[in-house]
Amino acid sequence: IVTVANKFRDESEPYNVDTLRLRISSSVMTVFGSVGVTDRLEVGAAVPLVRLNVEGERMNHYRGETFTRASATAHASGIADIAVRAKSALADTPDGRVAAAVEARLPTGDAENLLGAGSTSWRFVAIGSLERGRGALHGNAGLVRGGIDEVAFGGAATFAAHPRMTLSGEL
């Protein structure tokens, strides 16, 4: 990332450029569990365990010479924001189902070390499935507000090619 580039009006290229290079890697393992409370209601929770590594250098390029101005590394690990959710069946027919889910993402992670958003967020999801014969279509759409805002869509198609083999595709 170029942070500063100085040049004179009569020169085509900058004579002094500062750049920042970052390398970020993370490993995440999520422990998830859910329980059917009734035939139409399920509750669950997800606990993400995160390991994050960040390395970076600030470099100065001055008239063909390169100098390291600063370099740093940082590591953080721990529990990120825990999600608590509930899903309810709204309609159930022989050919399809409609459900809705709500999720609270609790600010349990360390936001200063990039292990969480630092505030509670809410996720609302509409879920639908349509089944005909050996084929089925599944889809969901979700909206998250608070913390990190997002919009998400997902879909899948399945086909029972054989009693012991199902083909599926997901997007």
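Although no hydrogens or angles enter the test, the distance criterion places no donor-acceptor pair under 3.5 Å between the side chain of Asn113 and the main chain of Leu115.
When the side chains of ILVMFWY residues are joined at heavy-atom separations under 4.5 Å, either directly or via intervening members, Leu137 and Leu171 end up in two distinct hydrophobic clusters.
Side-chain atoms of Val125 and Glu103, non-hydrogen and from C-beta on, never get closer than 4.5 Å to each other. The shortest side-chain heavy-atom distance between Val17 and Val2 falls under the 4.5 Å cut-off. Glu42 has its side chain out of reach of Val35: every pair of non-hydrogen atoms, C-beta onward, lies at least 4.5 Å apart. Annotation: side chain of Trp122 is not in contact with side chain of Arg145 (no heavy-atom distance under 4.5 Å). The shortest side-chain heavy-atom distance between Glu131 and Asp95 does not fall under the 4.5 Å cut-off. A heavy-atom distance below 4.5 Å is found between the side chains of His61 and Thr19. Contact annotation: the side chain of Val47 approaches that of Ile79 to within less than 4.5 Å [non-hydrogen atoms, C-beta and beyond]. Taking the side chain as every heavy atom from C-beta outward, Tyr15 and Asn6 approach each other to under 4.5 Å.
Atom CD1 of Ile24 sits in a crowded spot, with more than 12 heavy atoms from other residues, nucleotides or ligands closer than 6.0 Å. More than 12 heavy atoms of other residues, nucleotides or ligands sit less than 6.0 Å from atom CG of Asp149. Taking a 6.0 Å sphere around CZ of Arg51, one finds it holds 12 or fewer heavy atoms contributed by other residues, nucleotides or ligands. By the 6.0 Å contact criterion, CD on Glu11 is enclosed, its count of non-hydrogen atoms from other residues, nucleotides or ligands being greater than 12. For Leu106, the CG atom counts as densely surrounded, since its 6.0 Å shell holds more than 12 non-hydrogen atoms of other residues, nucleotides or ligands.
Heavy-atom minimum distance, Ile127 versus Ala101: CD1-CB, 4.2 Å. The shortest non-hydrogen separation linking Pro48 to Val28 is CB-CG1, 4.4 Å. Here the closest heavy-atom approach between residue Gly118 and residue Pro107 is recorded as C-CB, 3.9 Å. The two residues Asp81 and Gly109 have their closest heavy-atom pair at OD1-N, 3.0 Å. Closest approach of Phe32 to Ala46, counting heavy atoms only: CD1-CB, 3.9 Å. The minimum heavy-atom distance between Ala100 and Leu90, with the atom names listed, is CB-CD1, 3.8 Å.
Residues satisfying the side chain to side chain contact (heavy atoms under 4.5 Å, CB included) test with Glu57, not counting sequence neighbours, are Arg21, Arg23, Met59, Ser71.
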For this session: Check the pair Thr66 / Asn60 against side-chain contact (heavy atoms from CB on, under 4.5 Å), numbers first and verdict last.
Result: CA-CA 6 Å; Thr66 300; Asn60 177 253; over 6 Å; no
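A distance of 11.0 Å separates OG1 of Thr158 from CD of Glu170, quoted to the nearest 0.5 Å. Once rounded to the nearest 0.5 Å, the distance linking CD1 of Ile1 with CG of Leu22 reads 5.5 Å. In this structure, CG on Leu52 lies 6.0 Å from OG on Ser26, to the nearest 0.5 angstrom. Going from atom CD of Glu13 over to atom CZ of Arg63 covers 12.0 Å, rounded to the nearest 0.5 Å. Note that OG of Ser34 is 8.5 Å distant from CZ of Arg85, once rounded to the nearest 0.5 Å. Taking CD1 of Ile82 as the reference point, atom OG1 of Thr108 lies at 4.0 Å (rounded to 0.5 Å).
Ion pair Glu150/Arg105 flagged as a salt bridge, since at least one NZ, NE, NH1 or NH2 atom sits closer than 4.0 Å to an Asp/Glu carboxylate oxygen.
No option in Thr3, Thr68, Asp18 other than Asp18 meets the side-chain hydrogen bond (donor to acceptor under 3.5 Å, both in side chains) test with Arg58.
Between Phe67 and Tyr62, the distance separating the two ring centers is not shorter than 6.0 angstrom.
Here Val37 sits in one hydrophobic cluster together with Leu41, Val43; the rule is ILVMFWY side chains under 4.5 Å apart, joined directly or through other members.
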